[in-house]
Amino acid sequence: MKIHLQNGSVREFADGMNALDIAGELSQQLKKDALAAEVNGKTQPLWLPVPDGATLNILTFAHEEGKRTLRHTASHVLAQAVKALFPSAKLAIGPAIENGFYYDFDVEQPFAAEDLAAIEKEMQRILKKNARLERFVLPRDEAIALMKEKGEPYKVELIEDLPDGEEISFYKMDDFVDLCAGPHLPSTGKVKAVKLLQAAGAYWRGSEKNKMLQRIYGTAFDSKEALDAYVEKLEEAKRRDHNKLGRELELFTTSDVIGQGLPILLPKGAKIVQILQRFVEDEEERRGYMITKTPFMAKSDLYKISGHWDHYYDGMFVMGDKEMDKKGIEVLALRPMTCPFQFQAYLNRTRSYRDLPLRYNETSTLFRNEASGEMHGLIRVRQFTISEGHLACRPDQVEEEFRGCVDLAKFMLETVGLEDDVSYRFSKWDPNDREKYIGDAAEWERTQNLMRDIMDHMMIPYVEAEGEAAFYGPKLDIQIRNVHGKEDTMITIQIDFQLAERFGMTYTDSDGQKKHPVVLHRTSIGCYERTLALLIEKYAGAFPTWLAPTQVKVMTITERCDGWAKEIDRALKAAGLRAELDLRNEKIGFKIREAQMEKVPYMLVLGDKEVEERRVAVRSRKEGDLGSMELESILAKIVEEVRVKAK
RNA sequence: GCUGAUGUAGCUCAGGCGGUAGAGCACUUCCUUGGUAAGGAAGAGGUCAUGGGUUCGAGUCCCAUCAUCAGCUCCA
């Protein structure tokens, strides 16, 4: 038979050969590395025969699908090990995920750390046996009977929910059988390194209405070295974690008596936010935005118009409750969003089509009653400040204004140096979950198509996500991953064809008709707390000079240099730099060590020599000793670095 | 909100079986004036997260609450 290989060549092999044997004929190394086969674009186990004329790609650990296959098999080994040690455990699901795998179990007792160690040991024992995997297919009733016999109710449920005609496959290794679509490795011995990372609760089928199962996370590699490298990467991520580093660098802290999700920005953290905020507000003004300052709270009346009272009540801090409200007692709520407030500014007077587009911005503090388990450092908090803005425009202006919002967001990302770290998500509604949204289906589809067209024109490389829209409209979310790989929205730009009507916002068009403007909701840099968190992680605390809370430290070797040091400090401050003076009676090595740990970009070291020559010895935090320079030249260098911002 | 872990000096952490707390760094004072990541000495710092309970006696055991961390669910 003829097989098309991945390099484009066509080769002849004996009929009925499987992928593993073909790999062996190509090279012994490839046979050793082979984990799965991609046959005509579909991943399958290596031991299945390859049909004549097929296109074959042998997948190794270097391929994403190869990796997944290895880890998927590792998850089965995990299940086998758990069954061996905890025979009463019920199996749920166990997929490969981005950096490893997990398996969910229903057990009476949650797994303790010692359990994980024991399970990992058992896994090593199983892997050593290098058992072969076999695949078999059963008709639905027999498959259900088998899983009932094995006492696996979750598997029975999974089979029952499979659509008709779907092949129901099982994989068997030793005496362990698991329902699984596969593919899998030919034998468990190909998993060379495995590590269990943690145990945690997880709801069956991802719904909080269901029972909470116990999930074990682990990872697996094709070599011990690769596993060690990965573990080292996790350690490095921990060191960069904004929640740890941000506290160590005294950017923020929290207080038990203030409460969850309410971080305190310390002077250094607040300084960075202030720099960003001033920069954003100035840039927005340059782009035609008008600033508003709207109240932090409003009566329930406002939220009833906006829909928040019905769609976002649980997310708000309400002073009072729905019962009081029904009785006519005034109930105020802190604002979870700025939109309805800025809309009131729009409603201040009648608007003409000539007034549009109208761009409002506000550095807006919002309050959201996040569930208690959600809070995380500066990334998920209950009170945050966002570069919020709303644009009212005519239908013919939507595209240009939307482009302007994207352009501004991109400009901000470039300025802070995060442009390469983001991805774009087109967040759509879920037509099957009408409760969550307002407006009719045709309107939703029309708005979404419009948004998609604009983004296509702009060549934005987005992924579509159903069910992620706001309740009033679709969003372009600019997503970013934190140091642990967890994704969050940094920036969002939304098109809203609905709230203007609800709020009675109109403009008089050129034909004299009253019309509702289209509203764009947008942020330019996101919320400052979250952005600060991402910047801490991006730069591991060593902020670009324009953002560094302290930009220059002037430090003396002996007190004979104090006079010159003070002169320099004054000159730096006069040039608008954030300088600090270290005149303490300490050794220079000590002062430098401290400044290095604080990640101050520049250190100016002064000894008798510098005083005599009226020069400065410059040290950069990343390049070390730069030698002696004229004060004017280092000052100009730093000022220029601040001017160009990022990097 | 759910599952689990954790909470001892400003920070990082010790304190088998219950007998009223200890180290390093940081801080204060003194000595030292020393050229690119820690000079030396002395001192001061803790109602052991909070509130109950068991006990002759609780940092240690039990319960509740609060906070922190990981994951789930939710979300900027």
Side-chain angles (χ1 to χ4, degrees), chain A residues 102 104 107 109-113 115 197-217 238 241 243-244 247-248 250 253-262 312 314-315 336-337 364 366 368-381 384-388 427 468 470 475 477-480 484 486-492 494 521 523 525-531 533 555-562 584-597 603-610 617-621 624-628:
Chain A
Y102 68 78
D104 286 347
V107 282
Q109 282 284 320
F111 297 110
D115 296 333
L197 299 167
Q198 54 172 314
Y203 298 109
W204 166 236
R205 302 203 137 179
S207 167
E208 60 185 328
K209 293 186 185 77
N210 292 337
K211 183 167 187 185
M212 180 159 272
L213 308 176
Q214 294 303 316
R215 175 172 297 179
I216 295 178
Y217 284 94
K238 250 184 231 165
D241 187 332
N243 205 5
K244 186 166 161 46
R247 289 169 195 269
E248 279 169 13
E250 297 194 298
T253 185
T254 47
S255 157
D256 283 10
V257 292
I258 288 183
Q260 267 195 305
L262 298 167
Y312 206 78
D314 291 339
M337 286 152 188
S364 180
L366 305 179
R368 296 188 186 176
N369 192 6
E370 300 288 348
S372 64
E374 302 304 335
M375 263 65 78
H376 171 68
L378 293 177
I379 293 216
R380 275 296 279 287
V381 291
F384 56 93
T385 299
I386 187 166
S387 55
E388 180 89 287
S427 297
E468 296 287 346
K475 311 190 282 179
D477 291 321
I478 303 183
Q479 303 289 108
I480 189 156
H484 302 295
K486 196 171 165 164
E487 191 178 275
D488 270 300
T489 303
M490 182 175 169
I491 293 173
T492 178
Q494 310 165 1
H521 305 239
T523 165
I525 204 171
C527 66
Y528 291 97
E529 292 82 355
R530 183 173 284 185
T531 300
M555 46 190 73
T556 51
I557 294 172
T558 80
E559 62 189 9
R560 292 186 295 278
C561 317
D562 287 5
R584 291 175 305 168
N585 175 14
E586 294 290 351
K587 290 202 148 178
I588 196 65
F590 182 85
K591 293 185 183 183
I592 286 172
R593 177 168 193 271
E594 236 179 46
Q596 261 325 124
M597 290 196 305
M603 288 151 261
L604 304 185
V605 178
L606 308 178
D608 290 336
K609 202 164 142 250
E610 284 71 27
V618 180
R619 183 189 166 95
S620 131
R621 80 180 154 200
D625 194 348
L626 298 181
S628 168

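Proteins come first, then strands; the chains are lettered A, B, ... in the order of their sequence lines, and each starts at number 1.
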Indicate, with a heavy-atom threshold strictly under 4.0 Å, whether [X] touches base, sugar-phosphate, or nothing.
X: A:Gly624; answer: nothing
X: A:Lys244; answer: nothing
X: A:Arg215; answer: sugar-phosphate
X: A:Tyr102; answer: nothing
X: A:Lys591; answer: nothing
X: A:Met597; answer: base
X: A:Glu610; answer: base
X: A:Val257; answer: nothing
X: A:Arg560; answer: sugar-phosphate
X: A:Glu529; answer: nothing
X: A:Leu213; answer: nothing
X: A:Gly589; answer: sugar-phosphate
X: A:Ala595; answer: nothing

Residue-phosphate contact under 4.0 Å: [X] side-chain N/O, [N] OP1/OP2:
X: A:Gln260; N: B:C66; result: no
X: A:Thr558; N: B:G34; result: no
X: A:Arg584; N: B:U28; result: no
X: A:His376; N: B:A70; result: yes

Is there a Watson-Crick or G-U wobble partner for [N] with both distances under 3.5 Å, and which nucleotide is it?
N: B:G45; answer: none
N: B:G34; answer: none
N: B:G16; answer: none
N: B:G59; answer: none
N: B:C25; answer: B:G10
N: B:C72; answer: B:G1

[M] and [N], which share atom name [atom1], separated by this distance in whole Å:
N: B:A49; M: B:U55; atom1: C1'; answer: 23 Å
N: B:U60; M: B:G22; atom1: C1'; answer: 15 Å
N: B:C62; M: B:C72; atom1: C1'; answer: 29 Å
N: B:C66; M: B:U73; atom1: C1'; answer: 22 Å
N: B:A14; M: B:C31; atom1: P; answer: 38 Å
N: B:A58; M: B:A42; atom1: P; answer: 35 Å
N: B:G71; M: B:U65; atom1: C1'; answer: 23 Å
N: B:G10; M: B:C56; atom1: C1'; answer: 37 Å

- Query: Just wondering, do A:Met555 and A:Arg584 contact through their side chains at under 4.5 Å, heavy atoms?
  - Reply: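 No, every pair of side-chain atoms sits at 4.5 Å or beyond.
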Rounded to the nearest angstrom, tell me the gap between atom [atom1] in [X] and atom [atom2] in [N].
X: A:Lys486; N: B:C74; atom1: NZ; atom2: P; answer: 11 Å
X: A:Glu250; N: B:C27; atom1: CD; atom2: P; answer: 11 Å
X: A:Leu197; N: B:A70; atom1: CG; atom2: C1'; answer: 11 Å
X: A:Leu606; N: B:U36; atom1: CG; atom2: P; answer: 15 Å
X: A:Ile592; N: B:A37; atom1: CD1; atom2: P; answer: 6 Å
X: A:Glu374; N: B:G1; atom1: CD; atom2: P; answer: 10 Å
X: A:Glu586; N: B:C27; atom1: CD; atom2: C1'; answer: 12 Å
X: A:Glu594; N: B:A38; atom1: CD; atom2: C1'; answer: 10 Å

- Message: Heavy-atom count check: over 12 atoms from other residues, nucleotides or ligands less than 6.0 Å from A:Glu250 CD?
- Response: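 Incorrect, the count does not exceed 12.
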- Assign B:G40 to syn or anti; the rule is syn for a glycosidic angle within 90° of 0 and anti otherwise.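 Base orientation relative to the sugar is anti.
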Whether the side chain of [X] and the base of [N] hold a donor-acceptor pair under 3.5 Å is what I'd like checked.
X: A:Arg380; N: B:C74; answer: yes
X: A:Tyr203; N: B:G71; answer: no
X: A:Glu559; N: B:G34; answer: no

- Message: By nearest atom, which of the nucleotides B:G71, B:C75, B:C69 is closest to the A:Arg530 side chain?
- Response: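 From the listed options, B:C75 comes nearest.
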- Query: In terms of side-chain heavy atoms of A:Phe590, which of B:G35, B:C75, B:A38 is nearest?
  - Reply: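 The listed nucleotide nearest to A:Phe590's side chain is B:A38.
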- Quick one: on RNA chain B, does A:Leu378 or A:Asp256 contact a more 5' nucleotide (nearest heavy atom)?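 Comparing both residues, the 5'-ward one is A:Asp256.
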- Position toward the 5' end of RNA chain B (nearest nucleotide), A:Gln479 or A:Arg593: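 Closest to the 5' end, via its nearest nucleotide, is A:Arg593.
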Taking all heavy atoms of [X] and all of [Y], pick out the closest pair and write down the distance.
X: A:Ala533; Y: A:Leu378; value: CB-CB, 3.9 Å
X: A:Ile491; Y: A:Gly526; value: CG1-N, 3.9 Å
X: A:Glu468; Y: A:Lys475; value: O-CE, 3.0 Å
X: A:Asp477; Y: A:Ser427; value: OD2-OG, 2.6 Å
X: A:Leu366; Y: A:Glu388; value: CD1-OE2, 4.1 Å

- Task: Report yes or no: does A:Glu594 contribute a side-chain atom to a donor-acceptor pair with the main-chain N or O of A:Lys591 at less than 3.5 Å?
- Result: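 The answer is no, because no donor-acceptor pair under 3.5 Å joins these two groups.
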- Task: Look only at the side chain of A:Glu370 and the backbone of A:Val381, and say whether a donor-acceptor pair between them is shorter than 3.5 Å.
- Result: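 Here the side-chain-to-backbone pair does not exist.
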